[in-house]
Structures are given as C-alpha cells and as structure tokens.
S.K.: 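Before I ask anything, let me first share the structure, which is written out below as structure tokens.
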Protein chains: 2
Amino acid sequence: MPDPTLGLDSCSMRVIDEARVSAARAQLLPDGEIERLAQLFRLLGDPTRTRLLYALLEAGELCVCDLAAASETPETNVSHALRLLRTAGIVKARRDGRMMHYSLDDAHVRMLLDLSRDHLRHAGKE
Amino acid sequence: MPDPTLGLDSCSMRVIDEARVSAARAQLLPDGEIERLAQLFRLLGDPTRTRLLYALLEAGELCVCDLAAASETPETNVSHALRLLRTAGIVKARRDGRMMHYSLDDAHVRMLLDLSRDHLRHAGKE
DNA sequence: TCAATATATGATTAGCTATTCATATATTGA
DNA sequence: TCAATATATGAATAGCTAATCATATATTGA
C-alpha cells in the first residue's frame, strides 16, 4: 500500500498525457472498492482454495470430508479455507445432521471460475 | 500446499458420497493448472496491481509515469508491479522513445476485470 | 560523448498468511 | 448423560512478497 502521508497526488509527479491521466483518475475506483476487488482475487488466488472452488463448481455441493477427499487436502485445511470463503460470501454452508454441505454462493464468482479456466485452455495469447 | 509425502489419496480419508467424490476427482484440474489459475488470481489480488489494471482498462494505454500519476503510486512500485504483470502475459509494453506504454494484453483478463467490477456493484447477494 | 530523462532492477525488510498440531464445539444415538 | 463423530477454532511458525531505497540501463539531444 502506498504511504498516504506522502501526498503523491498534490506534488512532484510527472505527467505526460495530462488529459488521459485526468480521465483515468476520474474513472479510478475508490480505495474501498479496489481493496474489495483485490481481496476477492486474493481469495481465489490460493491453490488450496482454488481447488476447493473448482471442485464445488463441478460437484455442486459437497460435505467437508468429501471436499477433503476430492481435493486431496487435509480436512483442517479445508475447514480453514472454507471459513474464509464463507465469510467473503463466496461459498455457503448447509447443515445436515452433523455434516456441513458447502456450495458456491455467488453467480459472478462462478463466472470468474469458468472464464479463468477458459483463459488457461486457450492459454498464452488472446 | 499439501504435503505430497502423506499420500492422502491412498489412505485414511473418510468419504461419504463416494460417487460424487470420484466424479469430482475425475473432473479435478491437474495440479499444474490449479497452480496457474491460482497464480493468475494472485496477480490480480494486490491493490497496487488491481489499481493499475483498472486504470489500463479505462485508459487503454498509459506510460509508466502517467500510470503512477493516475493510480497515485510511486513509480518504482509501478515498475515492479508491471514486471510481474508483463511476465505473466497480462499486460504488454510498447516502447516510444525513452518511454514505455503499457496496455492490457489478454482478453480473458479484461473480462475478469469487468465481471469483478459488476460483482462489486451488485454486491452482496446474487 | 555527455548529461538528462524514463524506466528497470537489486537487495533488504516488515508484514502477512497458509499450514500444522492441538483443542473445542456441535450433533447424534444409546 | 455419555461416547463417537464431523467440523471448527486457536496458536505458533515458516515462507512469501510488497514496499522501500539505492543503483543500473536505455534513450535522446546537444
């Protein structure tokens, strides 16, 4: 994170294309939104969580132990990972007796996962 | 990363819904692809880089100093960030005299950025 | 060739976080 | 209520990485 005390926007920055810069700054997302976007991507950006998410994308719903088996990940890791994803509203939990069943809870995230897989498939260039 | 020496897939895992688990495992992406997907998301998941990417999404193309000004980020941070994005094929560079102009280099990433912004806009529930 | 400029790279460090192991909670059936 | 089971949580640590400052490279014009 840049140090806000430096007041970068009020001094000492070179600007070449002033019109384009002020246009870009006008459209610039506020810090809060940037932070939330980055947090979303960060949550998708851990291999353990990525694996869980794609498993849920395929399976629809899985209990914790099946998620562990399907993704070859220790259950405690799965549980820790699911908590982060649940808190962020990316997955949701349904209780059934002593088991918890998890599934994806966000249509946009489903699309992100799909799109990203495509990105890899047609990898390299666009 | 789970410790592969544990051989989790060959022993001691509880499975409830065997059919669903083996189906999920059959569809499971190989480790290499999971790693690449996670790496892609991780690259998008840093606020500095997120800011740069959305600035480029709006502006089309910007030189390093204009990117710094538009995103209110020290130029050296911008340069470091751009190197990672360039190496990953997410942005591309064009030289013009002593300046470098950067732009997005991947259609899927452009869609990811768009989609994610929508996710925030219609935030919360799906 | 030399200074100025625009960007890139290297090295260091501080902060974060995924993993691990231990323990806790919650639910069921006896 | 008690043991067993399924999941969750807590705490500690090791590894990663973004930010920083110093320095290097590349291009231009004189």
Side-chain angles (χ1 to χ4, degrees), chain A residues 1-6 8 12-17 21 34-35 38-39 41-53 61-69 71-88 91-102, chain B residues 1-6 8 12-17 21 34-35 38-39 41-53 61-69 71-88 91-102:
Chain A
M1 220 177 316
D3 183 344
T5 64
L6 291 178
L8 286 169
S12 79
M13 293 211 99
R14 282 178 304 130
V15 170
I16 301 301
D17 187 334
V21 169
I34 289 287
E35 186 52 59
Q39 190 191 331
F41 288 128
R42 223 181 306 137
L43 277 170
L44 308 184
D46 170 72
T48 296
R49 292 191 291 268
T50 310
R51 227 184 307 268
L52 298 181
L53 292 170
E61 195 188 55
L62 286 170
C63 70
V64 174
C65 71
D66 284 356
L67 258 175
S71 65
E72 309 181 12
T73 307
E75 288 186 18
T76 187
N77 293 15
V78 173
S79 195
H80 276 295
L82 287 171
R83 182 152 68 116
L84 295 176
L85 295 171
R86 187 163 21 101
T87 300
V91 304
K92 67 183 170 213
R94 174 178 70 82
R95 181 177 281 286
D96 173 26
R98 48 186 110 174
M99 288 161 55
M100 296 291 274
H101 294 266
Y102 281 88
Chain B
M1 224 176 315
D3 184 344
T5 63
L6 291 179
L8 286 170
S12 81
M13 293 210 98
R14 283 178 305 129
V15 170
I16 302 301
D17 187 334
V21 170
I34 288 288
E35 186 51 61
Q39 190 191 331
F41 288 127
R42 221 180 307 136
L43 277 169
L44 307 184
D46 170 74
T48 296
R49 291 191 292 267
T50 310
R51 227 183 307 267
L52 297 182
L53 291 171
E61 195 189 54
L62 287 170
C63 69
V64 174
C65 71
D66 283 356
L67 258 175
S71 64
E72 307 180 15
T73 307
E75 288 186 18
T76 187
N77 294 13
V78 173
S79 196
H80 277 294
L82 287 171
R83 181 151 68 115
L84 294 176
L85 296 170
R86 187 164 20 101
T87 300
V91 304
K92 68 184 170 211
R94 175 178 69 82
R95 181 178 280 285
D96 174 27
R98 49 187 109 171
M99 289 162 54
M100 298 290 275
H101 295 266
Y102 281 88

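Lettering of chains follows the sequences in order, A, B, ..., and the numbering in each one begins at 1. Given the structure is predicted, the values throughout are model-derived calculations rather than measurements.
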S.K.: In dot-bracket form, 5' to 3', how is DNA chain D paired? Count Watson-Crick and G-U wobble pairs only if both distances fall under 3.5 Å, and write | where the partner sits on another strand.
M.R.: ||||||||||||||||||||||||||||||

S.K.: Could you list the protein-to-nucleotides 10-13 of chain D atom pairs, N/O on both sides, closer than 3.5 Å?
M.R.:
from: D:dG10; atom 1: O6; to: A:H80; atom 2: NE2; distance (Å): 2.8

S.K.: For B:C63 versus A:I16, what's the shortest heavy-atom pair and its separation?
M.R.: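 The answer is SG-CG1, 3.8 Å.
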
S.K.: Could you give the CD-to-C1' distance, from B:Q39 to C:dA18, as a whole number of Å?
M.R.: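 Those two atoms, CD and C1', are 17 Å apart.
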
S.K.: Run the side-chain contact (heavy atoms from CB on, under 4.5 Å) test against A:L84 and tell me which residues pass, sequence neighbours left out.
M.R.: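 Once residues adjacent in sequence are excluded, the partners of A:L84 under the side-chain contact (heavy atoms from CB on, under 4.5 Å) criterion are A:L43, A:R49.
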
S.K.: Applying side chain to side chain contact (heavy atoms under 4.5 Å, CB included) to B:R94 and B:Y102, what does each step give before you reach the verdict?
M.R.: CA-CA 6 Å; B:R94 175 178 69 82; B:Y102 281 88; over 6 Å; no

S.K.: Between A:R14 (CZ) and C:dA4 (C1'), how many Å, whole number?
M.R.: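 After rounding, the gap between these two atoms is 12 Å.
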
S.K.: Please report, rounded to the nearest Å, how far the P atom of D:dA19 is from the CD atom of B:E72.
M.R.: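 B:E72 atom CD is separated from D:dA19 atom P by 14 Å.
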
S.K.: So which pairs with a foot in residues 73-83 of chain A pass salt bridge (charged side-chain N to carboxylate O under 4.0 Å, His left out), sequence neighbours left out?
M.R.: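 Passing the test, one end in residues 73-83 of chain A: A:E75-B:R14.
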
S.K.: Main chain of A:S71, side chain of A:T73: is a donor-acceptor contact present, judged purely on distance under 3.5 Å?
M.R.: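 Yes.
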
S.K.: Just by distance, do the side chain of A:D66 and the backbone of B:D17 share a donor-acceptor pair under 3.5 Å?
M.R.: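 Yes; at least one donor-acceptor contact below 3.5 Å.
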
S.K.: Using atom CG of A:D46 as one end and atom C1' of C:dT17 as the other, report the distance to the nearest whole Å.
M.R.: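 Result: 9 Å.
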
S.K.: Quick one, give me the B/S/- string for nucleotides 23-30 of chain C, reading 5' to 3', where B means a protein heavy atom under 4.0 Å from the base and S means that only happens at the primed atoms, P, OP1 or OP2.
M.R.: ---SBB--

S.K.: Could you list the residues that satisfy side-chain hydrogen bond (donor to acceptor under 3.5 Å, both in side chains) with B:R98, not counting sequence neighbours?
M.R.: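 For B:R98, no residue satisfies side-chain hydrogen bond (donor to acceptor under 3.5 Å, both in side chains) once neighbours in sequence are set aside.
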
S.K.: Check this one for me: any side-chain N or O of A:Y102 less than 4.0 Å away from OP1 or OP2 of D:dA8?
M.R.: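 So the side-chain polar atoms of A:Y102 do come within 4.0 Å of the phosphate oxygens OP1 or OP2 of D:dA8, strictly under.
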
S.K.: For A:L85 and C:dA18, what is the distance between atoms CG and C1' respectively, to the nearest whole Å?
M.R.: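 The distance from CG of A:L85 to C1' of C:dA18 comes to 13 Å, rounded to the nearest Å.
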
S.K.: What is the distance, to the nearest angstrom, from the CZ atom on B:R94 to the P atom on C:dA6?
M.R.: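 Rounding to the nearest Å, CZ of B:R94 and P of C:dA6 are 16 Å apart.
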
S.K.: Would you give the length of the straight line joining atom CZ of A:R95 to atom CE of A:M99, rounded to the nearest 0.5 angstrom?
M.R.: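 Those atoms lie 11.0 Å apart.
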
S.K.: Check A:T48 against A:A81 and note the closest heavy-atom contact, atom names and distance.
M.R.: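 The pair with the smallest heavy-atom distance is CG2-CB, 4.4 Å.
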
S.K.: Would you say the side-chain atoms of A:T50 pair up with the backbone N or O of A:G45, donor to acceptor, closer than 3.5 Å?
M.R.: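 Looks like no, no N/O pair under 3.5 Å.
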
S.K.: Do the side chains of B:L53 and B:V91 get nearer than 4.5 Å, heavy atoms only?
M.R.: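 A side-chain contact exists here, since the closest heavy-atom pair is under 4.5 Å.
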
S.K.: Within the structure shown, what part of the strands sits under 4.0 Å from A:L84 by heavy-atom distance: base, sugar-phosphate, or nothing?
M.R.: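 Sugar-phosphate: the residue A:L84, judged by heavy atoms under 4.0 Å, touches backbone atoms but no base.
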
S.K.: Quick one: B:L82 CG to C:dT9 C1', roughly how many Å, whole number?
M.R.: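 Value for this atom pair: 13 Å.
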
S.K.: Verify the contact: side-chain N or O of A:N77 to OP1 or OP2 of C:dA18, cut-off strictly under 4.0 Å; return yes or no.
M.R.: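 No, no such contact exists.
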
S.K.: Side chain of A:S79, heavy atoms from C-beta onward: which of D:dA6, D:dT7, C:dT20 has the nearest atom to it?
M.R.: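 Within the option list, the nearest is D:dT7.
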
S.K.: Would you indicate which nucleotide in C:dA6, D:dA8, D:dA19 comes nearest to any side-chain atom of A:M100?
M.R.: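 The answer is D:dA8, which lies nearest to the side chain.
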
S.K.: From CG of A:L52 over to P of D:dA8, roughly how many Å is that when rounded to an integer?
M.R.: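 Rounding to the nearest Å, CG of A:L52 and P of D:dA8 are 12 Å apart.
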
S.K.: Minimum heavy-atom separation for A:P47 and B:A38, please, with both atom names.
M.R.: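 In this case the closest contact between A:P47 and B:A38 is N-CB, 3.8 Å.
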
